[in-house]
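Working notes for the structure below.
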Amino acid sequence: MDYPNELGFEPLRRAIASYLLVSRGIQCSAENIIITNGYQGALELIARALLQPGNPVWFENPGYFRAQFLLRSMGAGLVPLEIDECGADLSEAMMHCPNASLAILTPAHQQPLCTTMTVARRSLFLDWAGSNHSWIVEDDFDGEFHYCGVRQPAMKAMDRSDRVIYVGSFSKVLFPALRLGYMVAPEILLARLAAAARSANAGRSPFEQAIVADFMNEGYFARHVKRMRDLYSKRRIALLRAISMRFDDRLSVDQNQGGMHLIARLPQVGHDSEISRLLYRSGLAVEALSDRYWSGPQKQGLILGFTNIHERRAKALVGRLYDAIADHFPQFA
């Protein structure tokens with residue numbers, strides 16, 4: 001009943017270290033793991049420990065809006081990393097701002113485009129961080145949900161200079177209300193990050209941490225992840241099949257290997273933000289891809305979540321999607 005350990009419940013930290021070795025090839029000890037208040041909590045601690053107002057930070061464009069808002073609120077100067085079929089591209093950022101303090105990356109499945117960063121591109125980022133004494137935050141928010149093709153190693157597992165701060169979360173694999181995340185801190189940063197954790201709070205409640213630790217140690221967590229990956233794979237295939245049958249070639253879908261949503265590309269019948277609002281009024285929760293861009297030209301598309309769509313409902317929901325678009329944009333039909 002005393003104040004808990006600010007770095008987190010030790011049995012949970014040990015369980016995470018064991019899980020990361022098996023699932024992501026990351027060799028670390030419980031002493032390198034800090035339990036956080038989700039991904040946002042981890043990013044806030046990193047910013048507290050490493051950034052001064054005005055420090056440049058490489059940030060993906062498009063990217064995760066909550067992380068962008070947090071970094072801006074703490075005075076970071078964001079430098080865009082454009083995304084191509086190989087993942088985040090550092091070439092333009094190198095020309096404009098080679099000495100950034102941090103690079104915030106989602107290499108497993110880019111948020112929101114779902115592209116997987118190639119090993120060659122990961123190596124370029126690691127070389128940059130090592131030669132510039134900069135840091136990489138590897139946000140592996142949904143790396144468990146990879147459905148086809150070779151699963152690439154975590155950047156942390158490739159890191160020979162110890163410049164990667166690996167950040168994970170239980171929001172996607174369990175549920176967001178837990179507000180449980182974690183980071184694997186490089187040895188040289190451990191004291192600074194631990195100090196930031198101590199100054200930020202008096203520790204997280206140990207009860208949820210103890211439950212999750214038991215869930216992992218007793219083997220339930222690994223079985224749960226496999227079961228959900230298999231389920232999501234079936235739902236992804238069902239939605240892709242329903243889109244192909246109803247839309248023919250009038251709607252193209254990016255063919256990515258993982259993630260929890262699809263990116264659908266519409267012909268120029270209207271702006272994606274207008275279409276997403278229209279679909280929302282029709283009872284369909286669809287996001288506009290352009291809303292995730294924070295710098296420069298915006299590419300358009302629709303973000304279609306599939307993890308909560310049962311295979312038997314995919315055909316009917318895609319039919320509603322088609323009808324809503326066709327009713328408002330006759331040229332599409």
Side-chain angles (χ1 to χ4, degrees), residues 16 20 24-28 32-34 36 39-52 55-64 66-68 70-72 74 76-84 86-111 113 115-143 151-169 181-193 196:
I16 291 170
L20 291 178
R24 306 299 282 132
I26 297 172
Q27 295 186 345
C28 63
N32 292 97
I33 293 176
I34 299 174
T36 65
Y39 171 62
Q40 291 292 101
L43 193 58
E44 182 177 0
L45 292 183
I46 293 166
R48 280 173 176 264
L50 300 182
L51 295 181
Q52 296 295 325
N55 282 169
V57 174
W58 288 0
F59 193 84
E60 294 173 334
N61 182 44
Y64 182 45
R66 294 187 189 277
Q68 179 211 142
L70 172 62
L71 290 167
R72 287 189 187 278
M74 301 189 76
L78 300 189
V79 178
L81 288 169
E82 302 305 327
I83 312 299
D84 59 22
C86 297
D89 182 2
L90 76 170
S91 56
E92 286 193 29
M94 281 290 290
M95 288 189 294
H96 294 104
C97 183
N99 297 317
S101 302
L102 279 176
I104 313 293
L105 302 174
T106 53
H109 308 124
Q110 199 276 331
Q111 172 66 284
L113 293 175
T115 54
T116 297
M117 187 185 291
T118 62
V119 171
R121 189 66 62 78
R122 296 174 193 225
S123 296
L124 289 175
F125 276 101
L126 290 170
D127 291 344
W128 162 79
S131 61
N132 285 276
H133 304 289
S134 301
W135 302 99
I136 294 171
V137 175
E138 179 180 11
D139 175 13
D140 199 10
F141 66 100
D142 69 351
R151 189 180 183 189
Q152 302 295 352
M155 290 185 75
K156 185 65 178 175
M158 300 171 60
D159 181 18
R160 298 294 174 259
S161 302
D162 208 18
R163 308 304 297 182
V164 175
I165 307 168
Y166 179 90
V167 180
S169 168
Y182 55 89
M183 73 171 91
V184 181
E187 199 67 36
I188 195 172
L189 287 183
L190 187 56
R192 290 166 67 181
L193 289 167

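Worth saying up front: this structure is predicted, and the values here are computed from it rather than measured.
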From [X] atom [atom1] to [Y] atom [atom2], the distance as rounded to the nearest 0.5 Å:
{"X": "R72", "Y": "L78", "atom1": "CZ", "atom2": "CG", "result": "4.5 Å"}
{"X": "I165", "Y": "K156", "atom1": "CD1", "atom2": "NZ", "result": "8.0 Å"}
{"X": "L124", "Y": "M117", "atom1": "CG", "atom2": "CE", "result": "9.5 Å"}
{"X": "M155", "Y": "I136", "atom1": "CE", "atom2": "CD1", "result": "4.0 Å"}
{"X": "I83", "Y": "T115", "atom1": "CD1", "atom2": "OG1", "result": "6.0 Å"}
{"X": "Q111", "Y": "T106", "atom1": "CD", "atom2": "OG1", "result": "6.5 Å"}

Less than 4.5 Å apart, any side-chain heavy atom of [X] and any of [Y]?
{"X": "V119", "Y": "Q152", "answer": "yes"}
{"X": "N99", "Y": "P56", "answer": "no"}
{"X": "W135", "Y": "I46", "answer": "no"}
{"X": "M183", "Y": "L193", "answer": "yes"}

Keeping [X] on the side-chain end and [Y] on the backbone end, is there a donor-acceptor pair under 3.5 Å?
{"X": "E92", "Y": "E82", "result": "no"}
{"X": "S169", "Y": "Y39", "result": "no"}
{"X": "E138", "Y": "A154", "result": "no"}
{"X": "R121", "Y": "G87", "result": "yes"}
{"X": "S101", "Y": "N55", "result": "no"}
{"X": "R24", "Y": "A157", "result": "no"}
{"X": "Q40", "Y": "R66", "result": "yes"}
{"X": "D159", "Y": "V164", "result": "yes"}

**Report entry** Sole candidate of I33, I26, V137 that passes side chain to side chain contact (heavy atoms under 4.5 Å, CB included) when paired with Y166
**Finding:**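 The passing option is I26.
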Taking all non-hydrogen atoms of both residues into account, name the closest pair between [X] and [Y] and its distance.
{"X": "L71", "Y": "I104", "result": "CD1-CG1, 4.0 Å"}
{"X": "L81", "Y": "D89", "result": "CD2-O, 3.6 Å"}
{"X": "S134", "Y": "A100", "result": "OG-O, 2.7 Å"}
{"X": "A88", "Y": "L105", "result": "CB-CD2, 4.0 Å"}
{"X": "R48", "Y": "M74", "result": "CG-CE, 3.8 Å"}

**Report entry** Sequence-distant partners of T116, side-chain hydrogen bond (donor to acceptor under 3.5 Å, both in side chains), two or more places apart
**Finding:** none
Donor-acceptor pairs under 3.5 angstrom involving side-chain atoms of residues 184-192: please list them, not counting sequence neighbours.
from	atom 1	to	atom 2	distance (Å)
E187	OE1	N32	ND2	3.1
R192	NH2	A49	O	3.1

Query raised in the report: Who pairs with Y182 by ring-ring contact (aromatic ring centres under 6.0 Å, His included), at least two apart in sequence or on another chain?
Result: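 Residues passing ring-ring contact (aromatic ring centres under 6.0 Å, His included) with Y182: F170.
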Query raised in the report: Can D127 and R122 be counted as an ion pair, charged N to O under 4.0 angstrom?
Result: no
Report task. For the residue pair F125 and W58, categorise the inter-ring angle as parallel (less than 30°), tilted (30 to 60°) or perpendicular (more than 60°). Result ->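 The rings of F125 and W58 stand perpendicular, inter-plane angle above 60°.
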